[in-house]
Each structure stands twice: as structure tokens, then as C-alpha cells.
Trainee: 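Have a look at the structure that comes next, please.
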Amino acid sequence: MTDNLLDKGYDPKAVETRWYQYWESENLFAADEFSDAAPYAIVIPPPNVTGVLHMGHALNTTLQDILCRYHRLLGENVLWLPGTDHAGIATQNVVERSLAAKGVDRHAMGRETFIEAVWEWKHKYGSTIIEQLKHLGASCDWSRERFTMDEGLSRAVRKVFVALYEEGLIYRGSYIINWCPRCRTALADIEVEHAEHEGRLYHIRYPYAQGEGGPVVATTRPETMLGDTALAVNPEDDRYRQMPADHVILPLTGRTIPIIRDDYVDMAFGTGALKITPAHDPNDFAVGERHQLPSVKVIGDDGLMTVEAGAFEGLDRFECRKQVVQALEKEGLLVKIEDHAHSIGHCYRCQSIVEPNLSPQWFVKTRPLAEKAIAAVKSDRTRIIPEKWRNDYFLWLENVRDWCISRQIWWGHQIPAWTCGDCGSLVVSEADPDQCPECESENLVRDSDVLDTWFSSALWPFSTMGWPDKTSLLETFYPTSVLVTAFDILFFWVARMMMMGLHFMAEVPFRHVYIHALVRDEDGKKMSKSTGNVIDPIDVINNYGTDALRFTLAAFAAQGRDIKLSEKRIEGYRNFVNKIWNSARFAFMHIEDAGTTVIGKNLSLPDRWILSRLRQTTDSVAEALDDYRFNEAAGTLYQFVWHEFCDWYLEAVKPALFGKTDEIFRQSGLDTLWRVLHDTLILLHPFIPFVTEEIWQKLPGTEGSIMKARFPGKDPDFPAPELEPAAEADMELVMGIITAVRNIRGEMNISPSVALSVFLGADDNGTLEKIMAQGDLIRNLARIDTMEATKSGRRPKASATAIVRDVSVSVLLEGVIDVSKESARLDKEIAKLEKEITMLAKKLENDSFVSKAPADVVEKVRVQHVENSEKMEKLKKNRQTIQELAAETGAS
RNA sequence: GGGCGGGUAGCUCAGUUGGGAGAGCGGCGGCCUUACAAGCCGUAGGUCACAGGUUCGAGCCCUGUUCCGCCUACCA
């Protein structure tokens, strides 16, 4: 026994922090910007600095880490660039709330002091999520960590803003935008979340300015009528061709507004008459522009009615609705109220109902940028995986509208624009200007707005690498290899990075975009704190270990499908990690030195088999990872480690290791065991870095971290073993025989402690030799006392028999014969086989199958039919024997 | 309104050019066999949502129906 025995169970806690610190102290995560090795780069989707790790982060991080660790094993120069996002609105909300708890209001403290407070908060709590990523084992190059409000990134933001402004791609203007009255800021279109709402449709009569009656309009938002500046009908609408007046009186205000004709109005909806409120509806705004209508803003930025609302001034917008309806009813102008389901926009940060509002804002003219972004994906310079997301990407970019980038908050990149207090000219400049370039006045007032957070994240792939400076980091690692993210920020972030990257770097930001699933709960619901269905990854790590969590996420990460996470599955993969641990524990009871090469050695059949399987597994894992099929790679490894290596190989090699066979096989067993363990640890390492490092460090013949190892086949000292189909076939026969005996034992209720007598029969001499060569193995794993293999297939009548390929396996049922049981067992087997034979025969009798199907398919069916028929014959003979026996014993 | 994805074993899900339906968990039966009871051995269970079509052959391709989920849209 060696002194490197492992404990009986794997304890993740004791291991994880130790190795993470070791990797960091050994600088193993560091990228080399001057290396000649093939570069591999990923920029992390920067989590919000206010963020707390959730399952989405855990999945996203795990997948990136798998890729990075895999590519390091391939010998590539890997950069995984981490960082956080300043998350303007979210962060401001968080800090505001914490200040409010102390009774402080940000307006009272002023902008500068508030921003200082946010920075203070950032320094105190901003690294929470970074620390959590480290718990996950993320092998980011932390020396290059960035923050979107860093000096360097801010410089990039400013340069980009000025450049786009000068190119005419950024402009300022008064338009209808989405306004969050709670956050008191404008929002971009995609920052509004729509939700179905049970609302009402109010029918209101607008009396003609002269004459009787008046058209009836239908609206879901009666409070906005106070800001109406016209009533519109479709010019084709016969109902409104003849009217007694061309103006109506706007109820509750007494204002006279014109009746206009515009074919935007849908004759089929409601009454065909539409109220026009240019200041509070994007469509009405467009109509207003066409007809030169004035805009009357009746809802203020605070969500309260303005002075323009007359008697309703100061009311909350929802209270105002009630009172307007009451007032209309009183005046007899409310015709009817209908139920009406429609969708309402909510702020994606605070869920308040968004108010379409007229307001001066900054916009990016998106179309020209979008065209380049579309072309890059169409031409495959960037590949989106899985491909189905390409369409969403195209559809969004093709219909994209200008991007409102100004936010009326304090935390963020302040817009580098100044207005001259004297001549009124607008100055946009990278450097803070001292005086107005037009009139030389020093009376310059800076725009108080900041930029949309996504404006700075759009630059992330190159701003983090030092742009606008020409850095060696950019030189080496841009474009990055892949972006790993979830689809929910495909538009927010991915599309915008594409636009900015192409525009400013003249090259795509990433070769691949891998879009992974969203993590949901067991019922398929999105995990959220408000519904209380979150599984906290940190809890999982504490209960099951990081490796178990990571392997679970990888195993679930099938392309194009959401992940419904259940704790049961995590438990299962925790067991898998433990299984690996124990297989190593067993190995270390025998291995004392580094294994020597297994190539060209005299090896046992199980040795050759497991090495061939190892080779197959290695190839499959590499192929799956190259294609981002993480679940397949994980599944392949699980199957190989547990069911091939542990269940079969370790059991098969035990006699050799315990010295019960030729010494040569003890040696080959040790070499094979070492080699398989060695390579398997490397294959597993990207998925479960901690346990593999822990075992690796104790494996004789290894030096330093497993992170420095080479993927199997990439290390000249260890050429990959070859595939050996013949060895695999032979081993499969042996395993089949063993399983057949175990099956009989189980079906016949024979205790595992009872050793059996088994008679094997085969017609083919070669088969017979193969079986006899593996006699010890079969005896050992099937718990057989005496075993006889003959060509004649001699066997006692009182036996239970199974057929494995062309071998009959008979277990002597001495004293414990249950004839009826064996008869029933055979009946079941025969019935099953009968079905298969019938199906195969049907195919072969079908002329069009034989003539039209490919020859190899037909041949395969033919062979199967022959084999099954032979098997059937043997089974039937066995049944006859057992029935005769039943007759005899019944007679005696 | 438009678009997309899904409906496969009791549960959660795989199934990559169409060629005899799989895994994990759970169930059942048996085992403390000298790495592991977080384990070992064996076993049951499915008209692949429904209806058509293409094909020698369909879980996979086409059409329709239905249920669920998501994205998207300015019909008041």
C-alpha cells in the first residue's frame, strides 16, 4: 500500500478553495499577449456589478470555463477576459434604496456626492459576484479584469460617441420615447417588457363644434384625452363623409380641436374615429407630424398630470383616469365601457407601467450599423450557434428603429455634449471644452444625461483590450473566438457589439456566438426571486460541491432547449464525482509508479478493450466540444467512466492486480489502469476541475497542475491508443456471457454467494478459443465455480440456458431447479425474439426493400435474420429439454 | 396579429445527414462481493401529442389539428 491513499468519500469543501488559490498563485489563468501559440479568446458577458450569482450565471460561466480549460489542454494561448458592468439604472436603484433606508434622498445630496456614494458602494459590494464566479472555478485572467466605468473604457465610450456624432450617426431630437415615471428616465424600445392586461375600452362622444351629436371615439387611456389635439377618421369612411362641422369640442376642456382625415385610422376598429394625442402615443405623434398638430403634454415626467390637464392637474395618471371617466359620465358623454385585453409596456428594471412621452433625447441612427452586422452573419464571418437564432437576429436588425441612448439618471457615462449659454450652439467633444468654438463664451453647460449602459457594453470586446490604443492584446486576441451567452440579450448586447465592433474595428468581435439555454425551475418557469423558485447556485455548491453543479449544468446544456433544473439530477452527478474519486482511490491502492507506455505491449483483452474505448471516448469528447455539444461530451464521459471503466474494467483487472494471473498481466494492468486514469482525468478536467486536480496531484508520474497537461493524443510522450474493433467485439462477447449468467442467477433467484457450474457451447473453434482464453475472467465476474467450454455444447438437462451470439450458456441448476420458472423464462425470451424475426423477415420478403434500400442495409438485415433464427432454434431446443425434464420429474 | 420552440418510459430529458426506441432519477427483485450503500447485480415500463402524406422504410421530412412555452408587434 502506498501512502497516497484517498479518503473514503470525496469532500469538495476541503479541496476547492485550496486548488483555486493554487491555480491563481501559479498564474495558470494568465493569457500571454506576446505568445506565438494559437490564440483563443473569450470576453465574459459582464454581470451587473450589483449582481448576485444565479443559475444563469452559473451555466454561462461553466460553459465558458469548459471551453477555456479545454483549449488550454489543447495547448492554445487562452484569454478569458472578465469584468463587470456598471448597470446604470439597476445600480442607481440599489444605491438609492440603501440611502433611502438611511433617510437620505439623492436629490438632497446632489449629483457629485451621489456618484461618490455609488463608487463607495461599488468598492464595498461590487466584487461579490466576482468572488462567486471564483467559487465556480472560473479560470478568468483576473489580472485583466475590467469595469465599464473604468477610466480606459470611459475613454472608449467618449471616443465612440464623438465619432458617431461627427459621422451623423448620433443625433439629438424631440421624439416620443418610452418613459419610466418611477426611474424618471427614458428607456430604449427593447427595455420595455410587454404583458397582457385585462383593460377597458372607453367609448367617448366628442360633440361637434356646431350642430347636434358628435363622433364617438374608443380609447383604453381616457386620461390622455386631455392632451388630444385632433380627432381622426379614415378618408374612405362613408360614415364620416358628411359631418355638420369640421371641429369637435374636446370634452372636459372645452377646447376646440379639428377633425382630420388620415388613412392610418382603421375603419374596422371601434367606431372608426380616433382621438389624437401626439404627446403620449407614438402613432399619434406620427399623425401629428403629418398634420402639423400641436402636442400637449398632460402627463409629466413624474407620472402626475401637468398644468395642461386643467382641473386634473397634480393627479396621479391612474387616479386621473378614474376621475376623467366619472366626469365624462356626469356630462353624459361616456357612451359605454367594454372589456378589452391589450398589452401594456413595463419598465424592465422596476416593472412600472411605461409612459410614452414626448421628450428631447439622444439617438443612434441604427440602420447603417445594422446593415454591416447583418452582412457579417450572412457571410458567416460570425457564426451563430445554434443556427435557429440567426433568423431572430436578422429579423430584429432588419426592423430595428433608432436607439434612444440618453438616460436621465446620474450613474453612468455622462454625455460629452455642452450647450453654449450665450449663442446656444451645441458642442460635442472628447475633451472637456473651455469655451464655445462659435462665440468663445465660457458659459458652457454640460448635458446632464448619461448614456444607456448597453452603449458601453457594446464596446466590451475591444474596449476591454485597450482600444482606442493599439495594444498587443487587441493585436493578439481580437476578434475573439466565441461569445457565450443566453438568447435574452441577443438584441440588447450581441447585435450591438456586432454593430460597434464592425464599425470601429472593421472586423467582427467574435467568430462564433454560442447561445445557450435559459435555466428554469422544475415546472419550466423562469427562476425569479419574486416567485421564490430560485435554486441558489451557492447553496448547491455548499451541498453538493462545485464539480457536481458544473457537471449537471453541462449535462443539461443541450442545444436549443431550456434547462429545467432539479435537485435530484444534481445529486446524481454528485454521486458521479464521488464515483470518480473512488475509482482513483482503488487505483492508488495498486499503482505505485508512473505507468509506462501501453503501446505495443502484451496486453490482456480487457486492457486492449478499455484502451480502445478510451480512444473512442477521447475522440467523441473532442468532437462534441468543438461543436458546442456540451451535454453530449458530458454524457459520453459519464457512460465511459462509470459503466465501462468502473463497472467492467476495474472489476476485470482485479485478479491481475491481486497477482492471481501472470505477472505480465499485472504489469500491463497497472500500466493500462494508470494510462486510463491519467487520460480520463484530463478529459474530465474542463467539466470538473477540482476533483480532477486533487486526484492528479496524487497520481504518480504527474508533475504540477493538471491545467498544464495536454489533451490525450496531443502529448508526444503519450501517443493515443488505437481503436481496436476486434478487441471490442471479443470483449463484448465475454461481457455478454457474463451478463447472461448474472441474468439467470437473478431470474432464478440464486443467491450471489452460490458459485455456479456453467457449460458453454460454441460451434466455431475460434469462438471457443476466445472464450477459453478469457475463462478466468468469466469465472470471476460471473461467480462461476466450474466452467466447461466445448464444441458439442455438452450440458446437463437440469440447466437454465441463454444464447449469446453463437454461444450457448447453460447454468447447472443443481438441487434448486425450478423447471416451471426456467420454462417461463425461455418462453419470454422466445416471444421477444419471435417478434424481431418476424419484423426482419417481413423486410426481406418485401421486394421493394431488397431492391431499393442500400445494399449494406439489406445485408445487415439479412445477417440479423440468420443470427436470430439460429438463436431461436437453440432456445427452442432448450425449452424442449426443460419440458422433457419437467415430464420426467413429474413422472417420477 | 406575426414568428419560433416543444409535446418520446411514472418524472426530468437525450436522440447530428430517415435504416431495428435511449439515459438519469423513481419502481420492482437480490446483494454490506477485499474503491465506492453517494455502492453492486438483475429487471419491468413507451401505438415517440393526434390525423394524413412522401418513402422500400418516418421519433426524424411535408401538410393539417390540438395543447404548452417563449419571442415579437403602434390597431386606439
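Reminder, nothing fancy here: chain letters follow the sequence lines and each chain counts from 1.
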Trainee: Expressed in whole Å, how much space separates the P atoms belonging to B:rG20 and B:rG29?
Mentor: 35 Å

Trainee: Kindly list each side-chain donor-acceptor pair under 3.5 angstrom involving residues 633-641 of chain A, sequence neighbours excluded, with atom names and distances?
Mentor:
from	atom 1	to	atom 2	distance (Å)
A:Thr636	OG1	A:Glu632	O	2.8

Trainee: Map every base of RNA chain B to its dot-bracket character, where paired means a Watson-Crick or G-U wobble contact with both distances under 3.5 Å and | marks a partner outside the strand.
Mentor: (((((((..((((.....[..)))).(((((.......))))).....(((((..]....))))))))))))....

Trainee: Tell me the interatomic distance from A:Met839, atom CE, to B:rA21, atom C1', rounded to whole angstroms.
Mentor: 11 Å

Trainee: By nearest atom, which of the nucleotides B:rG19, B:rG5, B:rA23 is closest to the A:Lys388 side chain?
Mentor: B:rG5

Trainee: Would you classify A:His280 as touching base, sugar-phosphate or nothing, given that sugar-phosphate means primed atoms plus P, OP1 and OP2, and contacts are heavy atoms under 4.0 Å?
Mentor: nothing

Trainee: Taking atom P in both B:rG57 and B:rG52, compute the distance separating them and give it to the nearest angstrom.
Mentor: 16 Å

Trainee: Starting at the 5' end of nucleotides 31-37 of chain B, put B wherever the base has a protein heavy atom under 4.0 Å, S where only the sugar-phosphate does, and a dash everywhere else.
Mentor: --S-BBS

Trainee: Evaluate the side chain to side chain contact (heavy atoms under 4.5 Å, CB included) criterion for residues A:Val540 and A:Thr552: first the C-alpha distance (whole Å), next the side-chain angles of each, then the deciding distance (0.1 Å), finally the verdict.
Mentor: CA-CA 11 Å; A:Val540 173; A:Thr552 306; over 6 Å; no

Trainee: Any non-hydrogen side-chain atom of A:Tyr202 less than 4.5 Å from a side-chain atom of A:Glu338?
Mentor: no

Trainee: Take atom CD of A:Glu338 and atom C1' of B:rA76, then tell me their distance rounded to the nearest Å.
Mentor: 12 Å

Trainee: Once you round it to whole Å, what is the distance between P of B:rA73 and CD of A:Glu398?
Mentor: 15 Å

Trainee: Indicate whether OP1 or OP2 belonging to B:rC4 is found under 4.0 Å from a side-chain N or O atom of A:Trp396.
Mentor: no

Trainee: State, without any angle test, whether A:Lys275 and A:Thr277 hold a side-chain donor-acceptor pair at a distance under 3.5 Å.
Mentor: yes

Trainee: Just by modelled atom types, is the A:Val754 backbone N or O under 3.5 Å from a matching donor or acceptor in the A:Arg745 side chain?
Mentor: yes

Trainee: Starting at atom CG of A:Asn631, determine the distance to atom P of B:rG22, rounded to an integer number of angstrom.
Mentor: 19 Å

Trainee: If we take the C1' atom in both B:rC48 and B:rU8, what is their distance in whole Å?
Mentor: 4 Å

Trainee: Whole angstroms only, please: what is the OH-P distance between A:Tyr573 and B:rU12?
Mentor: 16 Å

Trainee: So what does A:Leu840 touch, heavy atoms closer than 4.0 Å: a base, only the sugar-phosphate, or nothing?
Mentor: base

Trainee: Counting the atoms with a prime plus P, OP1 and OP2 as sugar-phosphate, which does A:Arg825 contact under 4.0 Å by heavy atoms, base, sugar-phosphate, or nothing?
Mentor: nothing

Trainee: For A:Tyr175, which residues count as a ring-ring contact (aromatic ring centres under 6.0 Å, His included) partner, sequence neighbours excluded?
Mentor: A:Phe363

Trainee: Without decimals, in angstroms, what is the distance between A:Leu637 CG and B:rG24 C1'?
Mentor: 16 Å

Trainee: Does A:Gly572 or A:Met267 map to a spot on RNA chain B nearer the 5' end, using the closest nucleotide for each?
Mentor: A:Gly572

Trainee: For A:Arg401 and B:rC74, is the shortest distance between a side-chain N/O and OP1 or OP2 below 4.0 Å?
Mentor: yes

Trainee: Rounded to whole Å, how long is the line connecting atom CG of A:Asp392 with atom P of B:rC4?
Mentor: 9 Å

Trainee: Determine the interatomic distance between P on B:rG26 and the same-named atom on B:rA21; round to the nearest Å.
Mentor: 27 Å

Trainee: Extract from the structure each pairing of a protein N or O with an N or O of nucleotides 42-45 of chain B at less than 3.5 Å, listing the distance.
Mentor:
from	atom 1	to	atom 2	distance (Å)
B:rU43	OP1	A:Asn743	ND2	3.2

Trainee: Go nucleotide by nucleotide along RNA chain B from the 5' end; which of A:Ile190 and A:Arg221 gets its closest nucleotide reached first?
Mentor: A:Ile190

Trainee: Report the nucleotide, chosen from B:rG20, B:rG24, B:rC40, that has the shortest atom-to-atom distance to any side-chain atom of A:Trp642.
Mentor: B:rC40

Trainee: Do A:Tyr544 and A:Glu567 have side-chain N/O donor and acceptor atoms under 3.5 Å apart?
Mentor: yes

Trainee: Do NZ/NE/NH1/NH2 and the carboxylate oxygens of A:Asp627 and A:Arg629 come within less than 4.0 Å?
Mentor: yes

Trainee: Taking only residues at least two apart or on different chains, which pairs with a member in residues 851-861 of chain A satisfy salt bridge (Lys or Arg N to Asp or Glu O under 4.0 Å)?
Mentor: none

Trainee: What residues, two or more places apart in sequence or in another chain, satisfy salt bridge (charged side-chain N to carboxylate O under 4.0 Å, His left out) together with A:Arg862?
Mentor: none

Trainee: Apply ring-ring contact (aromatic ring centres under 6.0 Å, His included) to the pair A:Phe492 and A:Tyr348, showing each step before the final yes or no.
Mentor: CA-CA 12 Å; A:Phe492 276 103; A:Tyr348 84 135; 5.5 Å; yes

Trainee: Give a yes/no answer on whether the side chain of A:Asn575 brings an N or O atom under 4.0 Å of OP1 or OP2 in B:rG39.
Mentor: yes

Trainee: For nucleotides 52-60 of chain B, tabulate all protein N/O to nucleotide N/O atom pairs closer than 3.5 Å, reporting atom names and distance.
Mentor:
from	atom 1	to	atom 2	distance (Å)
B:rC56	OP1	A:Lys852	NZ	2.4
B:rC56	O4'	A:Ser848	OG	3.3
B:rC56	O2'	A:Asn846	ND2	3.0

Trainee: Any heavy-atom pair between the side chains of A:Arg550 and A:Ile541 that's under 4.5 Å?
Mentor: no

Trainee: Is there any protein nitrogen or oxygen under 3.5 Å from a nitrogen or oxygen in nucleotides 16-18 of chain B, and what are the pairs?
Mentor:
none

Trainee: At 4.0 Å (heavy atoms only), tell me whether A:Tyr264 reaches a base, stays on the sugar-phosphate, or touches nothing.
Mentor: base

Trainee: When rounded to the nearest Å, what value does the distance between C1' atoms of B:rC41 and B:rU33 take?
Mentor: 10 Å

Trainee: Does A:His342 have a side-chain nitrogen or oxygen under 4.0 Å from the phosphate oxygens OP1 or OP2 of B:rC75?
Mentor: no

Trainee: Should A:His643 be listed as having a side-chain N or O under 4.0 Å from OP1 or OP2 of B:rG24?
Mentor: yes

Trainee: Does a donor on one side chain sit under 3.5 Å from an acceptor on the other, for A:Asn234 and A:Tyr240?
Mentor: no

Trainee: So does A:Arg825 pair up with A:Glu822, basic N to acidic O under 4.0 Å?
Mentor: yes

Trainee: Does A:Glu289 have any salt bridge (charged side-chain N to carboxylate O under 4.0 Å, His left out) partners at least two apart in sequence or in another chain, and if so, which?
Mentor: none

Trainee: Starting at atom OH of A:Tyr10, determine the distance to atom C1' of B:rA38, rounded to an integer number of angstrom.
Mentor: 14 Å

Trainee: Among residues at least two apart in sequence or on other chains, which ones pass salt bridge (charged side-chain N to carboxylate O under 4.0 Å, His left out) with A:Arg317?
Mentor: A:Glu355

Trainee: What residues form a salt bridge (charged side-chain N to carboxylate O under 4.0 Å, His left out) with A:Arg401, not counting sequence neighbours?
Mentor: A:Asp189

